[in-house]
Visitor: 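To start, I am sharing the structure in question, which I have written as structure tokens.
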Amino acid sequence: MCFLSKCYLYFPERFYIYSVNIHFLYLRFFMRMSKLVGRRIKEDPRDAQIISHKFIIRGGYARPVSTGIYSLLPLGKNIAKKIEDIIREEMNAIDGQEVLMPVVLPRELWEESGRYESVGGELLRFKDRNGKDMLLGMTHEEAVCHLIRTEINSYKQLPVMVYQIQTKYRDEARPRAGLIRVREFTMKDAYSFHESQECLEKYYEKAHQSYENIFRRLGMNNVVSIKSDSGMMGGAVSHEFMAISEAGEDTIFMSPCGKYKANREVATAAWKFFSEPSKELEKVYTPDKTTIEEVAAFLGVKPEHTGKAVFYVDNNENLIFVMIRGDFEVNETKLRNYLKTPQLNFANDEQIRKAGSVPGYASPVGLGKNKIRIVVDKSVAESSNLVAGANEEHYHFKNFNLSRDLPGAEIIEIATVRAGDPCPITGAPLEEKRGIEIGNIFQLGTKYSEKMNCNYLDNNGKSKPIIMGCYGIGVGRNLASVIEQSHDEYGPIWPMSIAPYHVHICALNIKEENVKSVSEKLYADMKAAGIEVLYDDRGEKAGFMFNDADLIGVPLRVIISPKTLETNSVEFSTRGNKDKQIISLASIIETIEGRIKDELEKYK
RNA sequence: CGGGAUGUAGCGCAGCCUGGUUAGCGCGUUUGACUGGGGGUCAAAAGGUCGAGAGUUCGAAUCUCUCCAUCCCGACCA
């Protein structure tokens with residue numbers, strides 16, 4: 001057993017040799033329930049919608065302090081610490097070095113990168129007592145560039161990776177879902193520095209593997225890595241790690257075989273559109289029919305045979321006319337990326353009229369291309385004889401054909417994928433899933449290092465910006481995601497690797513002297529053996545204790561009662577499994593050590 | 001930022017429409033007794049600026065106004 005084995009510490013300068021049980025080197029958790037801070041609650045909190053939120057509150061893992069701001073109680077903190085330690089091990093294994101950067105940062109640093117201006121209200125800005133502008137760090141690219149540019153000067157020092165496990169603050173517009181979307185949270189953020197793109201890419205692969213290790217070791221059984229939109233982080237390549245769960249905020253499309261998987265923001269499909277010989281353009285009367293559904297029903301066609309007009313305004317007040325087949329929705333992320341604009345909003349009726357169009361009956365036909373930018377989705381370009389607006393109240397056109405009626409239009413793919421659309425690789429119907437983003441990795445390149453003078457001298461003595469990658473994991477979000485993926489109706493079922501304790505002792509009828517003395521001794525012996533043990537010494541009714549134990553979700557359970565003591569034994573069971581074994585008192589510690597070892601082995 | 005809802009004991013809620021002694025209920029908490037293998041029973045007790053402020057009224061948890069907070073949907077989201 002690892003924590004019983006001896007280890008020798010050697011201090012050469014003094015020639016002292018110590019022999020200690022290895023468990024003295026690691027913090028181990030143990031507690032008696034009568035003293036455990038954090039109560040269990042029988043009823044679901046009113047505002048909780050998802051399982052993890054309910055169990056986190058009901059089990060006494062965390063308490064809300066303000067919107068999206070939580071205190072962790074001992075149970076939650078124990079788990080968080082184990083999650084952090086697993087992350088540390090994996091980061092150290094890919095040559096990471098732990099550092100700690102400040103939560104509070106000065107404005108100047110963020111002005112260097114340009115993000116003081118470009119990031120919106122989620123960056124919390126404030127003044128210190130001298131009136132100096134400060135902010136709360138929501139991510140640490142600026143801080144790490146500040147650190148590295150003074151410490152790293154030479155190619156000989158590269159590559160290098162530093163990481164921290166630190167509080168982040170993002171002034172989210174709408175925190176929700178318990179620990180999944182919060183304002184203040186703990187995050188591991190790592191930053192790697194390289195001479196070349198090749199070196200970054202090689203390291204990026206290692207980080208990807210490291211992340212897969214981490215999520216497996218946390219006991220997450222359904223995590224996928226998908227290529228993602230880099231958003232305002234910039235950079236060429238990025239991946240999101242998604243814990244598949246109904247509670248997730250992101251929508252993912254996957255082919256059944258798993259060959260293709262993508263966030264809805266960037267997902268595409270091998271759509272096939274129908275085309276037939278063009279018919280004559282024909283104006284038809286469609287009184288008060290302004291939506292696709294109404295027009296299609298009125299004319300007796302399917303939405304697939306219509307074209308939909310959507311107007312957007314970018315941040316410079318430019319109007320953009322988008323046309324897409326009636327049964328599709330515009331994917332704004334794709335459109336934004338294509339237009340290279342940071343912001344898009346729906347245009348209002350007044351703006352649409354000003355451009356010479358008619359809301360509800362808008363059409364690209366007759367709209368001057370010089371007056372307004374017209375972008376057309378492939379679904380319209382490759383279909384024929386569609387119903388489209390006529391730019392006139394109560395009228396639509398039948399048999400709109402893009403190549404004939406609007407030649408030279410900008411044609412791109414901006415449709416949102418739908419469940420069942422054909423996979424772009426295999427052609428199989430795509431499945432739609434929800435996911436919680438529990439980690440992400442980015443190839444940043446020189447986006448920050450260039451602006452922030454984070455340079456090194458190459459082997460020719462030339463100064464160059466360092467090529468960077470960054471890698472994040474949210475600790476609390478992972479805790480919640482494990483609950484989402486591992487629970488039953490009574491509470492979480494913690495994997496041994498991150499369980500708040502390894503064993504839960506339930507003493508039944510503790511008023512009986514025999515039960516009390518044996519339980520106390522077992523608790524003491526387990527502590528001495530380095531087993532992480534939670535001991536329910538409260539003398540509650542059996543059912544009450546078991547329900548609490550289920551909410552705490554400790555993997556192994558030992559029950560001591562007058563009945564079991566008649567045969568000098570205890571009952572032993574596993575969380576999530578009603579089967580119980582009778583084990584003699586003499587061998588219970590050995591049995592448990594074996595089980596803990598076997599379980600921990602699965603998460604190595 | 002837009003739409004909707006809610007604030008009453010530690011937690012979950014009733015009371016408000018139709019103003020009127022001392023503001024209730026369940027869970028939890030404390031004390032005692034019984035009980036003892038899936039949230040047990042009985043008895044007693046503690047616990048409230050009814051979100052805040054202003055107003056109407058002889059009288060406001062209840063009606064009016066303002067503000068604050070929280071939650072849901074949307075917008076937003078390195």
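Chain letters run A, B, ... following the sequence lines, proteins first and then strands; every chain starts at 1.
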Visitor: Pairing donors with acceptors under 3.5 angstrom, does anything connect the side chains of Asp537(A) and Ser34(A)?
Guide: yes
Visitor: Quick one: Phe544(A) CZ to rC27(B) P, roughly how many Å, whole number?
Guide: 12 Å
Visitor: For Tyr448(A) and Trp110(A), run ring-ring contact (aromatic ring centres under 6.0 Å, His included): C-alpha distance rounded to whole Å, both residues' side-chain angles, the deciding distance at 0.1 Å, then the answer.
Guide: CA-CA 10 Å; Tyr448(A) 291 89; Trp110(A) 278 57; 8.6 Å; no
Visitor: In plain terms, say whether Glu184(A) and Lys168(A) are close enough for a salt bridge, that is, a side-chain N and a carboxylate O under 4.0 Å apart.
Guide: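 A salt bridge is absent here (no side-chain N lies under 4.0 Å from a carboxylate O).
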Visitor: Write down the partner of rG55(B) under the Watson-Crick or G-U wobble criteria, each distance required to be under 3.5 Å.
Guide: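 Partner of rG55(B): rC63(B).
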Visitor: Distance alone, cut at 3.5 Å: any donor-acceptor contact between the side chains of Ser210(A) and His208(A)?
Guide: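 Looking only at side-chain atoms, His208(A) and Ser210(A) do not form any donor-acceptor pair under 3.5 Å.
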Visitor: In whole angstrom, give me the gap between the C1' atoms of rU22(B) and rC50(B).
Guide: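 Roughly 15 Å separates the two C1' atoms.
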Visitor: Please name the nucleotide paired to rA5(B) by Watson-Crick or G-U wobble geometry with both distances under 3.5 Å, or report none.
Guide: rU70(B)
Visitor: Using whole Å, what does the distance between atom P of nucleotide rG36(B) and atom CZ of Phe546(A) come to?
Guide: 15 Å
Visitor: Which is true for Arg58(A) with a 4.0 Å heavy-atom rule: it touches a base, it touches only sugar-phosphate, or it touches nothing?
Guide: base
Visitor: Taking atom types as modelled and ignoring hydrogens, do the side chains of Tyr211(A) and Ser225(A) form a donor-acceptor contact shorter than 3.5 angstrom?
Guide: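 No, because no side-chain N or O of Tyr211(A) sits under 3.5 Å from a partner of the opposite role on Ser225(A).
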Visitor: Consider the side chain of Glu571(A), meaning its heavy atoms from C-beta on, and name the nucleotide among rG37(B), rA69(B), rC76(B) that approaches it most closely.
Guide: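 Out of rG37(B), rA69(B), rC76(B), the nucleotide with an atom closest to Glu571(A)'s side chain is rG37(B).
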Visitor: Using atom P in both nucleotides, what's the gap between rU66(B) and rA9(B) to the nearest angstrom?
Guide: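 It comes out at 25 Å once rounded to the nearest Å.
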Visitor: Is there a side-chain polar atom (N or O) of Ser66(A) under 4.0 Å from OP1 or OP2 of rA69(B)?
Guide: no
Visitor: Whole-Å distance between rG38(B) P and Asp548(A) CG?
Guide: 15 Å
Visitor: Is the closest basic N to carboxylate O distance between Asp548(A) and Arg538(A) below 4.0 Å?
Guide: yes
Visitor: Pairing donors with acceptors under 3.5 angstrom, does anything connect the side chains of His239(A) and Tyr204(A)?
Guide: yes
Visitor: Which value, rounded to the nearest 0.5 Å, describes the distance between Glu90(A) atom CD and Leu218(A) atom CG?
Guide: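 Spacing of CD (Glu90(A)) from CG (Leu218(A)) equals 9.5 Å.
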Visitor: How many whole angstroms separate atom CG of Leu508(A) from atom P of rG37(B)?
Guide: 7 Å
Visitor: Measure the distance from NZ on Lys42(A) to C1' on rG26(B) and round it to the nearest whole Å.
Guide: 9 Å
Visitor: Could you tell me whether Ser561(A) contacts a base, only the sugar-phosphate backbone, or nothing, with contacts defined as non-hydrogen atoms closer than 4.0 Å?
Guide: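 Base, at least one base heavy atom under 4.0 Å.
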Visitor: Taking the P atom in each of rG37(B) and rA46(B), what is the distance between them to the nearest angstrom?
Guide: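 So the two P atoms sit 33 Å from each other.
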Visitor: When rounded to the nearest Å, what value does the distance between C1' atoms of rA61(B) and rG51(B) take?
Guide: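 Each nucleotide's C1' atom is 12 Å from the other's.
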Visitor: With C1' as the reference atom in both, quote the distance from rG40(B) to rA5(B) in angstrom, rounded to an integer.
Guide: 38 Å
Visitor: Could you check whether Arg40(A) gets within reach of a base, just the sugar-phosphate, or nothing at all, counting any heavy atom under 4.0 Å?
Guide: nothing
Visitor: List every contact pair, protein side and nucleotides 2-12 of chain B side both N or O, where the distance is under 3.5 Å.
Guide:
{"residue": "rU6(B)", "atom": "O2'", "partner": "Arg46(A)", "partner atom": "NH1", "Å": "2.9"}

Visitor: Counting the atoms with a prime plus P, OP1 and OP2 as sugar-phosphate, which does Thr564(A) contact under 4.0 Å by heavy atoms, base, sugar-phosphate, or nothing?
Guide: base
Visitor: Let me know the distance between CE of Met545(A) and C1' of rU35(B), rounded to the nearest Å.
Guide: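 Those two atoms, CE and C1', are 14 Å apart.
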Visitor: Which one, rA75(B), rG38(B), rC71(B), comes nearest to the side chain of Tyr490(A)?
Guide: rG38(B)
Visitor: For atom C1', what is the distance between rC13(B) and rG20(B), given to the nearest Å?
Guide: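 Approximately 25 Å lies between the C1' atom of rC13(B) and that of rG20(B).
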Visitor: Using a 4.0 Å heavy-atom cut-off, does Lys511(A) contact any base of the nucleic acid, only the sugar-phosphate backbone, or nothing at all?
Guide: base
Visitor: Does Asp550(A) make a side-chain donor-acceptor contact with the base of rG38(B), cut-off 3.5 Å?
Guide: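 Present.
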Visitor: 5'-most contact on RNA chain B: Leu551(A) or Pro175(A), nearest heavy atom basis?
Guide: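 It is Leu551(A), whose closest nucleotide lies nearer the 5' terminus.
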Visitor: Which whole-number value in Å describes the distance from Ile510(A) CD1 to rG37(B) C1'?
Guide: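 In whole Å, rG37(B) C1' and Ile510(A) CD1 are 15 Å from each other.
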Visitor: For Gly60(A), which contact category applies under a 4.0 Å heavy-atom criterion: base, sugar-phosphate, or nothing?
Guide: nothing
Visitor: So what does Gln49(A) touch, heavy atoms closer than 4.0 Å: a base, only the sugar-phosphate, or nothing?
Guide: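 If one applies the 4.0 Å heavy-atom cut-off, Gln49(A) turns out to touch the sugar-phosphate alone, with no base involved.
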Visitor: Looking at Glu43(A) and Arg58(A), is there a salt bridge between them, counting it only when a charged N and a carboxylate O are closer than 4.0 Å?
Guide: no
Visitor: Give a yes or no on whether a salt bridge exists between Lys516(A) and Glu512(A), defined as a side-chain N under 4.0 angstrom from a carboxylate O.
Guide: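 Answer for the salt bridge query: no.
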Visitor: Mind checking the P distance from rC16(B) to rU62(B)? Whole angstroms is fine.
Guide: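 It comes out at 12 Å once rounded to the nearest Å.
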Visitor: Just how far, in rounded Å, is P of rC71(B) from CD1 of Ile50(A)?
Guide: 13 Å
Visitor: Checking base pairs now: Watson-Crick or wobble, both atom distances under 3.5 Å. What partners rA43(B)?
Guide: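 Partner of rA43(B): rU31(B).
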Visitor: Taking the C1' atom in each of rA33(B) and rG15(B), what is the distance between them to the nearest angstrom?
Guide: 35 Å
